[in-house]
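Values below: every heavy atom of this structure, side chains too, minus hydrogens, waters and symmetry copies. Residue numbers start at 1 and run along the sequence shown.
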Amino acid sequence: MLIDRNIVRNLGLASALAFCLALLPLTASAFTYEDQRRLCMGDAFRLCSSEIPNVARITACMQRQRAHLSEGCRRVFGKPTEQSASAR
């Protein structure tokens with residue numbers, strides 16, 4: 001039985017992305033794995049597809065691209081920490 005290489009490749013990419021989304025940093029336990037996946041999968045493919053399947057590189061890419069993330073995915077990553085006036 002022959003399996004189309006594209007199907008295998010897409011399944012591998014989807015699995016890698018699912019694993020990556022499970023490792024995303026959370027500001028709280030408010031987001032379940034399914035929430036993360038639903039909110040960020042499209043952004044990961046759109047903005048960071050060249051980094052798949054490397055988990056660390058996808059996470060770093062998503063953080064770098066935070067300004068371009070959808071509103072929902074941006075919430076998964078939380079608000080960036082702001083420097084206090086005394087730290088400047």
Side-chain angles (χ1 to χ4, degrees):
M1 177 179 198
L2 295 176
I3 299 176
D4 186 4
R5 287 182 190 230
N6 287 331
I7 293 172
V8 173
R9 179 178 171 266
N10 290 340
L11 183 58
L13 289 174
S15 298
L17 181 61
F19 180 73
C20 294
L21 292 175
L23 298 178
L24 287 176
L26 297 176
T27 57
S29 297
F31 293 101
T32 66
Y33 165 76
E34 287 302 318
D35 290 336
Q36 294 172 30
R37 184 174 177 205
R38 179 177 47 82
L39 293 169
C40 294
M41 182 180 280
D43 291 332
F45 276 111
R46 180 173 53 90
L47 299 169
C48 303
S49 62
S50 63
E51 308 301 337
I52 295 171
N54 187 309
V55 176
R57 288 176 61 179
I58 291 172
T59 302
C61 175
M62 296 286 277
Q63 290 170 342
R64 279 192 314 271
Q65 298 288 337
R66 188 176 192 289
H68 303 288
L69 296 176
S70 64
E71 185 62 35
C73 188
R74 200 173 305 139
R75 282 185 283 143
V76 170
F77 277 91
K79 294 182 179 181
T81 58
E82 295 181 25
Q83 290 181 340
S84 65
S86 61
R88 293 180 194 176

Original post:
Taking all atoms of both residues into account, what is the closest heavy-atom pair of Ser70 and Leu39, and its distance?
Top reply: OG-O, 3.6 Å
**OP:** State the CZ-SG distance between Arg74 and Cys40, to the nearest 0.5 angstrom.
**Re:** 10.5 Å
Original post:
Leu47 versus Leu69: any side-chain heavy-atom pair under 4.5 Å?
Top reply: yes
**OP:** Under the side-chain contact (heavy atoms from CB on, under 4.5 Å) rule, collect the residues that match up with Arg57, sequence neighbours excluded.
**Re:** Glu51, Asn54
Subject >> Ile58 CD1 to Gln63 CD distance, which is reported to the nearest 0.5 Å >> reply: 12.0 Å
**OP:** With sequence neighbours excluded, tell me which residues meet side-chain hydrogen bond (donor to acceptor under 3.5 Å, both in side chains) with Ser49.
**Re:** none
Original post:
Taking all non-hydrogen atoms of both residues, which atom of Met62 and which atom of Cys73 are closest, and how far apart?
Top reply: CE-SG, 3.6 Å
